[in-house]
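Below is one structure, written out as structure tokens, with a few remarks after it.
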Amino acid sequence: MAEIQLSLSVLLPILLLLYFLKLLWSRRHYPPGPLAFPIIGGLWRIAFEKGIDGMTAIKAAKQYGNVFTLWLGHFPMVFLSGFDAVKEGMVDHSEELLDRGVTPFFEKISEGKGVGFTNGHAWKQQRRLVQMALVKLGVGKRTMEDKIEDEAQQLVEIFASQQGKPFDPELFITNAVSNVTFSLMYGYRWSVEDPNFKKLIKTIEYTLSFGLISISYILYELFPSLMDRLPGPHKKALETSQMLLSLSKEEIRKHREQESTQEPRDFIDYYLREMEKEKNKNDPTSTVDEENLMHSILDIYFAGLENITTVMKWALLILANRPDVQDKIIKEIEDVVGSSNICYDDHKRLPYTHAVIHEIQRYRYPMLVGIARQATRDVHMRGYIIPKGTYIAHNLRSVLLDDEYWETPHKFNPNHFLDKDGNFVARKEFLGFGTGPRSCLGENVARMELFIFLTRLLRVFHFQPPPGVKEFTEEPARGASLPPHPYKVCAIPRNS
Ligand code: HEM
């Protein structure tokens with residue numbers, strides 16, 4: 001026994017030293033970054049900073065350069081930072097960096113299906129289907145807008161029922177955003193009181209708080225086989241996706257039973273028809289099947305929900321802190337639209353309002369960095385060779401805060417999107433939805449939702465902090481989407 005202990009105490013340090021030397025040797029291929037140690041890689045740097053926040057990767061870029069490597073345990077991730085480097089990656093190297101970086105956790109959730117975490121033929125086929133369905137179901141046309149307007153109206157009624165008293169808007173916003181996706185995918189909406197909705201939201205919140213920055217998540221990414229055998233929060237997080245998949249399975253069954261011969265009512269109808277057409281082609285490489293349908297719904301739901309909900313929560317908080325901005329929006333709406341209904345197309349006539357909505361997304365971006373990609377071959381960039389297979393993080397937050405391009409990057413300033421005559425200016429540096437063939441599929445839906453929800457609410461209410469609170473903090477809370485700290489706001493009816 002003593003001999004075994006002795007051999008272990010000698011062998012283990014030798015093995016760790018060899019592993020460390022191997023890491024040092026491997027690092028020579030990659031752009032610079034924090035020194036990588038066995039097991040933890042370069043994550044010690046994050047521990048140094050007491051956790052991850054929106055500035056962690058930006059500060060690291062200041063130290064190591066706009067192309068740097070962070071070893072996440074034993075796998076390297078190359079971060080591109082600032083507009084120039086990100087554009088170079090996304091546009092100049094769009095072919096080589098087209099693939100999604102599917103880490104073990106996302107591999108487990110996606111099971112190699114759907115649109116967000118697939119690559120190659122499967123991804124192309126699913127992406128084309130989702131794009132066509134969104135066009136068919138009226139993104140950019142009135143039908144989609146009608147659904148968003150219905151939800152905006154529900155929000156107005158719920159906010160009015162608070163009678164100007166302080167309330168937390170989070171659940172109501174989540175309900176409205178969820179319902180836009182539900183009506184698009186399943187053809188129906190859920191009441192905020194529905195116990196199934198509440199259960200669903202609780203589990204999703206749990207998964208999102210687990211994702212990306214918790215210790216349990218990092219351990220899963222590093223040791224997936226081991227973690228699969230152990231109990232812990234990762235198990236519950238994985239169950240959430242199973243819950244949503246079962247929900248979709250049930251909806252697909254119902255849609256099959258009530259097959260309609262008219263125009264597709266929703267995404268499931270549309271996809272089922274495409275499945276029929278595909279069956280007749282007898283193509284063995286086809287990925288148009290029920291499993292992919294279920295996973296594409298899951299991807300769309302997750303991709304949209306957290307981002308739009310977070311932007312909306314920031315929007316109410318930022319506007320409550322700035323009564324002058326609210327007044328300017330209302331004046332613009334009154335001058336241009338009068339008392340008529342506002343539709344999405346009116347954003348072209350409301351440059352100040354449009355600029356404020358862009359600035360909210362720039363100033364408080366709802367993603368930590370973006371969604372990772374993976375190099376499909378060696379990429380030559382800025383004197384470095386990024387080897388095939390490396391994970392790449394385009395740090396979109398760093399683009400939106402790049403001090404070489406934005407006049408006041410850390411200050412809320414709608415003038416970033418206005419020229420001297422007050423016309424809206426589309427900035428090429430506004431890359432919050434990514435760019436190129438793998439960019440956000442829901443950009444138009446998101447733009448429409450934010451514009452309609454916010455203009456509808458602002459026309460009816462003036463938002464302000466509760467009595468006794470001078471101003472809300474604009475410091476983000478920790479979390480994958482860097483949301484605001486929980487807050488209660490007063491929605492004071494304008495006609496009161
Ligand atoms: C403010 C709201 C949103 C933001 C900031 C946002 C941002 C992003 C970003 C940065 C990506 C990765 C792009 C890349 O790799 O270059 C992405 C992908 C994606 N987004 Fe969004 N998104 C938003 C809303 C939505 C909505 C509402 C939907 C659905 C209707 C959606 C569906 C997707 C999908 C399916 C992908 C994966 C695309 C692919 O891999 O081909 N997103 N989004």
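Read the numbers this way: they start at 1 and go in the same order the structure lists the ligands and their atoms. FYI, side chains are in, hydrogens and waters are out, and symmetry mates aren't considered; it's all heavy atoms of this structure.
- Put simply, the side chain of Tyr365 never gets that close to the backbone of Leu482: no donor and acceptor are under 3.5 Å apart.
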**Item:** Worked check of side-chain hydrogen bond (donor to acceptor under 3.5 Å, both in side chains) between Arg438 and Asn119
**Value:** CA-CA 10 Å; Arg438 192 102 211 202; Asn119 290 316; 2.9 Å; yes

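- Only the side chain of Arg373 comes within 4.0 Å of ligand 1, counting heavy atoms alone; its backbone N, CA, C and O stay farther away.
- For atom 5 (C) of ligand 1, the closest non-hydrogen atom on the protein side is Gly432 O, 3.8 Å.
- At a heavy-atom cutoff of 4.0 Å, ligand 1 is contacted by the side chain of Met367 but not by its backbone.
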**Item:** Intermediate values then yes/no, ring pair (Phe, Tyr, Trp, His ring centres under 6.0 Å), Tyr363 and His416
**Value:** CA-CA 10 Å; Tyr363 172 66; His416 283 139; 9.4 Å; no

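- Between Tyr64 and Phe79, the ring center distance fails the sub-6.0 Å criterion.
- Residue contact check for ligand 1: Val115 places a non-hydrogen atom closer than 4.0 Å to it.
- Two rings, from Trp314 and Tyr487, have their centers 6.0 Å or more apart.
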**Prompt:** Are Gln153 and Glu149 close enough, and set up right, to give a side-chain hydrogen bond (donor to acceptor under 3.5 Å, both in side chains), and what steps lead you there?
**Reply:** CA-CA 6 Å; Gln153 186 50 33; Glu149 273 177 11; over 6 Å; no

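- Residues Tyr301 and Ser178 bring a donor and an acceptor atom of their side chains to less than 3.5 Å of each other.
- Contacts between Leu134 and ligand 1, counted as non-hydrogen atom pairs separated by less than 4.0 Å, are absent for every part of the residue.
- Around atom 21 (Fe) of ligand 1, the protein contributes the following N, O or S atoms at distances under 2.8 Å: Cys440 SG.
- Within the structure, side-chain hydrogen bond (donor to acceptor under 3.5 Å, both in side chains) pairs that include any residue of residues 385-396 do not occur (at least two apart or interchain).
- The backbone N or O of Gly114 sits less than 3.5 Å from a side-chain atom of Asn292, completing a donor-acceptor pair.
- Considering backbone and side-chain N/O of Ser439, none are found under 3.5 Å from N/O of ligand 1.
- In Phe117, neither the side chain nor the backbone holds a heavy atom less than 4.0 Å from any atom of ligand 1.
- Among pairs with a residue in residues 90-116, those fulfilling side-chain hydrogen bond (donor to acceptor under 3.5 Å, both in side chains) read His93-Glu96, Thr103-Glu221, Glu111-His295, at least two apart in sequence or across chains.
- For the pair Gln361 and ligand 1, the shortest N or O to N or O distance does not fall below 3.5 Å.
- Evaluation of the side chain to side chain donor-acceptor pair (under 3.5 Å) rule for Asn423 yields Asp419 as partners, not counting sequence neighbours.
- Geometrically, ligand 1 and Thr435 share no nitrogen or oxygen pair separated by less than 3.5 Å.
- Both the backbone and the side chain of Arg438 come within 4.0 Å of ligand 1, counting heavy atoms alone.
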